[in-house]
Undergrad: 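Just passing along the structure, written as structure tokens.
Atom set for the values below is all heavy atoms of this structure, side chains included, hydrogens, waters and symmetry mates excluded.
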Amino acid sequence: LVHNASGLLGGSTPSAGEVSRLDIARGEPVIGVAARVGTGPDIWGIPLDRQTGMPTGEPDVRFFSSAGEIHPRYSPDGKRVAFVSRRGGTVQLWIPDANGPSARVVTNMDADAVVYPNWSPDGERLVFYTSGDDGFQIYIIDADGGPPQHVVPGGGPSWSSDGEHLYVTEAGAPFTVTRVRISDRHREPLFTGHLAFESADGRQLLYWRGQETHVYMRSLDGNVAANPEERLVETAVGGIAPVDGGFYYVAVSAEGIPRAFAIYDYASRESREIAAAPRGTMGVGGLTVSP
């Protein structure tokens, strides 16, 4: 990546360790050209015991390139992983085989970034959101590619278990969790919160609330907005990955620095940390668990 910059690198501020060369063209105007070399974040995996959920080996790199990868999501059948990468020059959505080195680009969006993909329950579609001059916008696209379908403004989308609704975060003071019916875009504001996911059995909704990053839960039976909420995890939390009987999450410090991978168990109502989380771990959207 080369910055052809004026002023302070044209607003770009790579760290000193990333700049490999800086040249100045002494003309009118004076132009500085800086070359930056860096790999960016990669996607790592930890093998887990199917019964205990505890690690059975050391972490290793699963997907990588010189452009970096973020926001991994396993497909429902565990055979594919969607992720976000700049490997094509812009931030787009990619899908490789879950255990293969090759990947294909799924989106070609004219936006600042394409982020936060989530698979439909049948594994045939992906929902994601973009950021750009028009704010945050949510789209659905076939996993095999094709034109994206705009749904509604918003961010942090996830699917309902019936595949007919999305849970989206609507910006405001405060943020609101809204359920959107895909067929006609009907919006049903539910309650204050953001980044909501259904539990693995589809009976509960897990989410954050306000500026807090603890995990809350609310029943999906009947009138969701009227159901009481329950605070499950006292520590600050990054990403959430629902599984049978509980959910995995990234525990972070009060300063927002990732410190551990952990799992919450509904039956015991307790959390246990299973492995250290490297400092560079992405808290929000950076965690997925294979089925």
Undergrad: In the structure I gave you, are the side-chain heavy atoms of Asp142 and Val106 within less than 4.5 Å of one another anywhere?
TA: no
Undergrad: Through direct or indirect side-chain contacts below 4.5 angstrom among Ile, Leu, Val, Met, Phe, Trp and Tyr, which residues connect to Phe64?
TA: Trp44, Val61
Undergrad: Can you confirm whether the side chains of Tyr264 and Glu270 place a donor and an acceptor under 3.5 Å from each other?
TA: no
Undergrad: With a 4.5 Å limit on heavy-atom distance, are the side chains of Leu206 and Leu232 in contact?
TA: yes
Undergrad: Please step through side-chain contact (heavy atoms from CB on, under 4.5 Å) for the pair Tyr249 and Ile263, ending with a clear verdict.
TA: CA-CA 6 Å; Tyr249 63 92; Ile263 185 171; over 6 Å; no
Undergrad: Please check if any side-chain donor atom of His214 sits under 3.5 Å from a side-chain acceptor atom of Arg231, or the reverse.
TA: yes
Undergrad: If every non-hydrogen atom of Gly68 is compared with every non-hydrogen atom of Ser85, which pair is closest and at what distance?
TA: O-OG, 2.8 Å
Undergrad: Restricting to non-hydrogen atoms, name the atom on Ala196 and the atom on Val177 that form the minimum distance, rounded to 0.1 Å.
TA: CB-CG1, 3.9 Å
Undergrad: Only one of Tyr129, Phe136, Tyr139 forms a ring-ring contact (aromatic ring centres under 6.0 Å, His included) with His150, so which one is it?
TA: Tyr139
Undergrad: Please confirm whether the ring centroid of His71 lies under 6.0 Å from the ring centroid of Phe83.
TA: no
Undergrad: Minimum heavy-atom separation for Thr178 and Pro189, please, with both atom names.
TA: OG1-CA, 3.6 Å
Undergrad: Name the atoms and distances for all side-chain donor-acceptor pairs under 3.5 Å in residues 107-125, with sequence neighbours left out.
TA:
from	atom 1	to	atom 2	distance (Å)
Thr107	OG1	Gln92	OE1	2.7
Thr107	OG1	Leu93	N	2.9
Asn118	OD1	Arg73	NE	2.9
Asn118	ND2	Pro157	O	2.8
Trp119	NE1	Arg73	O	2.9
Ser120	OG	Asp122	OD1	2.6
Ser120	OG	Glu124	N	3.3
Ser120	OG	Arg125	N	3.0
Ser120	OG	Arg125	O	3.3
Asp122	OD1	Glu124	N	3.0
Arg125	NH2	Gly163	O	3.4

Undergrad: Kindly indicate whether the side chain of Phe128, heavy atoms from C-beta on, has any atom under 4.5 Å from the side chain of Ile138.
TA: no
Undergrad: Hydrophobic clusters here meaning ILVMFWY residues chained together by side-chain heavy-atom distances under 4.5 Å, can you tell me if Phe63 and Val289 are in one?
TA: no
Undergrad: Under 6.0 Å from the CZ atom of Arg203, do we count more than 12 heavy atoms belonging to anything else shown?
TA: no
Undergrad: Can you measure from CG (Leu287) to CZ (Phe247) and round to the nearest 0.5 angstrom?
TA: 11.0 Å
Undergrad: What's the shortest heavy-atom distance between Ser219 and Val224, and which atoms?
TA: O-CG1, 3.9 Å
Undergrad: Are any of the side-chain heavy atoms of Arg259 and Ile257 separated by less than 4.5 Å?
TA: no
Undergrad: Tell me every residue that passes ring pair (Phe, Tyr, Trp, His ring centres under 6.0 Å) with Phe197, counting only those two or more places apart in sequence or in another chain.
TA: none
Undergrad: Answer with yes or no whether the side chains of Glu198 and Ser161 bring together a donor and an acceptor at under 3.5 Å.
TA: yes
Undergrad: Walk me through it: do Ile182 and Ile140 pass the test side-chain contact (heavy atoms from CB on, under 4.5 Å)?
TA: CA-CA 10 Å; Ile182 298 171; Ile140 292 174; 3.9 Å; yes
Undergrad: Determine whether a donor-acceptor pair (N or O, by modelled atom type, separation under 3.5 Å) exists between the side chain of Asn227 and the backbone of Asp221.
TA: yes
Undergrad: State whether a side-chain donor-acceptor pair under 3.5 Å links Glu69 with Ser65.
TA: yes
Undergrad: Just by distance, no angles: are the side chains of Glu170 and Thr176 close enough, under 3.5 Å, to form a donor-acceptor pair?
TA: no
Undergrad: Is there side-chain contact between Tyr74 and Pro291, with at least one heavy-atom pair below 4.5 Å?
TA: yes
Undergrad: Whether Arg218 engages the ring of Tyr207 as a cation-pi pair (distance to the six-membered ring centre under 6.0 angstrom, angle to the ring normal within 45°) should be assessed.
TA: no
Undergrad: Who passes salt bridge (charged side-chain N to carboxylate O under 4.0 Å, His left out) against Arg272, sequence neighbours left out?
TA: none
Undergrad: Taking the side chain as C-beta and beyond, is there a heavy-atom pair between Leu166 and Trp159 under 4.5 Å?
TA: yes
Undergrad: Can you name the closest pair of heavy atoms from Leu126 and Ala82 and give their distance?
TA: CD2-CB, 3.9 Å
Undergrad: Could you give the distance from CD (Gln137) to OG1 (Thr130), rounded to the nearest 0.5 Å?
TA: 6.0 Å
Undergrad: Might you work through the salt bridge (Lys or Arg N to Asp or Glu O under 4.0 Å) test for Arg209 and Glu229, ending with a clear yes or no?
TA: CA-CA 10 Å; Arg209 181 166 61 81; Glu229 67 179 9; 2.9 Å; yes
Undergrad: Show your working on side-chain contact (heavy atoms from CB on, under 4.5 Å) between Ile240 and Tyr248 and close with a plain yes or no.
TA: CA-CA 6 Å; Ile240 303 171; Tyr248 285 85; over 6 Å; no
Undergrad: For side-chain contact (heavy atoms from CB on, under 4.5 Å), just list the numbers for Val81 and Ile95, CA-CA rounded to whole Å, side-chain angles, deciding distance to a tenth of an Å, and then say yes or no.
TA: CA-CA 6 Å; Val81 176; Ile95 298 179; over 6 Å; no
Undergrad: Examine Arg87 relative to Trp94 and say whether NZ or CZ is less than 6.0 Å from the centre of the six-membered ring and inside a 45° cone about the ring axis.
TA: yes
Undergrad: Could you list the donor-acceptor pairs under 3.5 angstrom formed between side-chain atoms of residues 45-54 and any protein atom two or more places apart in sequence or on another chain?
TA:
from	atom 1	to	atom 2	distance (Å)
Asp49	OD1	Gln51	N	2.8
Asp49	OD1	Thr52	N	2.8
Asp49	OD1	Thr52	OG1	3.3
Thr52	OG1	Met54	N	3.2

Undergrad: Could you report the tightest heavy-atom contact between Thr169 and Gly193, atom names first, then the distance?
TA: CG2-O, 4.4 Å
Undergrad: Is any side-chain heavy atom of Val180 closer than 4.5 Å to a side-chain heavy atom of Val151?
TA: yes
Undergrad: Compute whether any side-chain donor of one residue and acceptor of the other, for Tyr266 and Ser199, lie under 3.5 angstrom apart.
TA: no
Undergrad: Using the test side chain to side chain donor-acceptor pair (under 3.5 Å), find all partners of Thr288 that sit at least two apart in sequence or belong to another chain.
TA: none
Undergrad: Between Val250 and Phe261, is there a side-chain heavy-atom distance shorter than 4.5 Å?
TA: yes
Undergrad: Quick check for you: to the nearest 0.5 Å, what is the distance between Arg181 atom CZ and Asp162 atom CG?
TA: 11.0 Å
